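First the structure, in the form of structure tokens, and then the observations on it.
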Amino acid sequence: MKLKELKVLTQLKLSKIYGIKESRSIFHLLLNEILGIDVINFHVHAEKKISLDSVELFNEKISLIEKEIPVQYVIGYVMIEGLKIFVDKSVLIPRPETVDLCKWIIQKKLNGKVILDIGTGSGLIALLLKKKFNNCTIHAWDNSTKALGIAKKNAEQNSLEINFDNVDILKNHDPKIKFDLIVSNPPYVHKKEKNSISNVVLKNEPNEAIFVNGDDDLLFYKAIINFSKSCLKDNGIIFFECHKETINQVKNLLIINKFIDVELKKDSFGINRMIQAKNYGYA
Ligand SMILES: C[S@@+](CC[C@H](N)C(=O)[O-])C[C@H]1O[C@@H](n2cnc3c(N)ncnc32)[C@H](O)[C@@H]1O
């Protein structure tokens, strides 16, 4: 079979579930993974015949993706900003808007600072910040033992030193250290939104990473802001990723809690998605 025929066949199988654009990107991810051929080289080698073994391997992966398993879990990792980040069903697949959040944070002068990532999941935020600011001390917390296992593996594989801890941020916790910066992309989707979320996400990604338990959409923001009262240094900064529908409520929450310089920012899709604020000081 020629490469270009494999592409047509793949798109035919997947476009019913994923649409044409996403099927094309899934094809190229698999091609790169299985045959080491990137998009540019695909066009150079489109007429090239591929071995039966490779076609079989390709089809094996395609049949998993047809069962609505995300390509990132099938391949087992994502590449972000030069980091290989392993993912499985115990962690949320890193989203582009979270990378936008990291790029915003990275604009700060953070050399030597002590940073905490709450709800680290795959470790995405902690890893990207440590890669940029190697002399920062980074702490990363999650209440999922499995997620922490993946995050630790990601830190090791990328040779980045991060202090991981199993912490439930909804319970009282006194770490006995103060942070210069606290960042979190917490669960922020209300359960009533389940109907509007794709099956691929609902069936595979950890629901506890996505949805807030109970009726208070702001549960995690409240807990983290409350925690920051004792653990964020004066003039320390807090960064959140937010739901576009509740970001203004998070903003109000920060203002009520005496945070200053509250700033919202759009992600690369043009959606108001992230917020930063400075701790005025509670001493
Ligand atoms: C939206 S995911 C973010 C994952 C990762 N930081 C990212 O941006 O890709 C939320 C994370 O919060 C964790 N989490 C949920 N409830 C928690 C709790 N009570 N305490 C600490 N972490 C929690 C989940 O396990 C999940 O990894």
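Remember, it's 1-based here, ligands and their atoms both numbered in the order they're listed. None of these values were measured; they are calculated from a predicted model.
Under the 4.5 Å side-chain heavy-atom criterion for Ile, Leu, Val, Met, Phe, Trp and Tyr, Tyr188 and Ile93 are members of distinct hydrophobic clusters. The hydrophobic cluster containing Ile50 also contains Ile26, counting ILVMFWY residues as joined when their side-chain heavy atoms lie under 4.5 angstrom apart, directly or transitively.
Of the protein's heavy atoms, Asn143 OD1, 3.1 Å lies nearest to atom 23 (C) of ligand 1. If you check which protein heavy atom lies closest to atom 1 (C) of ligand 1, you get Ala209 O, 2.9 Å. Protein heavy atom at the shortest distance from atom 27 (O) of ligand 1 is Asp142 OD2, 2.7 Å. Remark: minimum distance from atom 6 (N) of ligand 1 to any protein heavy atom is reached at Gly119 O, 2.8 Å. Atom 7 (C) of ligand 1 has as its closest protein heavy atom Asn185 ND2, 3.7 Å. At the top of the distance list for atom 21 (C) of ligand 1, counting protein heavy atoms only, stands Val167 O, 3.2 Å.
With a 4.0 Å heavy-atom cut-off, ligand 1 is reached by no atom of Glu241. The part of Thr120 lying near ligand 1 is the backbone, judged by heavy-atom distances below 4.0 Å. Contacts between Asp168 and ligand 1, counted as non-hydrogen atom pairs separated by less than 4.0 Å, involve both the backbone and the side chain. Residue-level proximity to ligand 1 for Thr98 is carried by the side chain, the only part with a heavy atom below 4.0 angstrom. With a 4.0 Å heavy-atom cut-off, ligand 1 is reached by no atom of Val91.
A heavy-atom separation below 4.0 Å is found between Phe220 and ligand 1. Ligand 1 has no atom lying under 4.0 Å from any heavy atom of Ala147.
Counting side-chain heavy-atom gaps under 4.5 Å among Ile, Leu, Val, Met, Phe, Trp and Tyr, the cluster of Ile271 also holds Phe269.
A salt bridge links Lys222 with Asp216: at least one charged nitrogen is closer than 4.0 Å to a carboxylate oxygen.
In this structure, Tyr221 and Phe240 have perpendicular ring planes: the angle between them is above 60°, well past the 30° mark.
Proximity of Gln276 to Lys108: side-chain heavy atoms (C-beta onward) are separated by under 4.5 Å at one or more points.
Annotation: side chain to side chain contact (heavy atoms under 4.5 Å, CB included) contacts of Ile20 (sequence neighbours excluded): Gln11, Ser15, Arg24.
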TODO: Decide yes or no on salt bridge (Lys or Arg N to Asp or Glu O under 4.0 Å) for Arg95 and Glu205, but give the supporting numbers first.
DONE: CA-CA 12 Å; Arg95 301 293 201 269; Glu205 297 195 69; 2.9 Å; yes
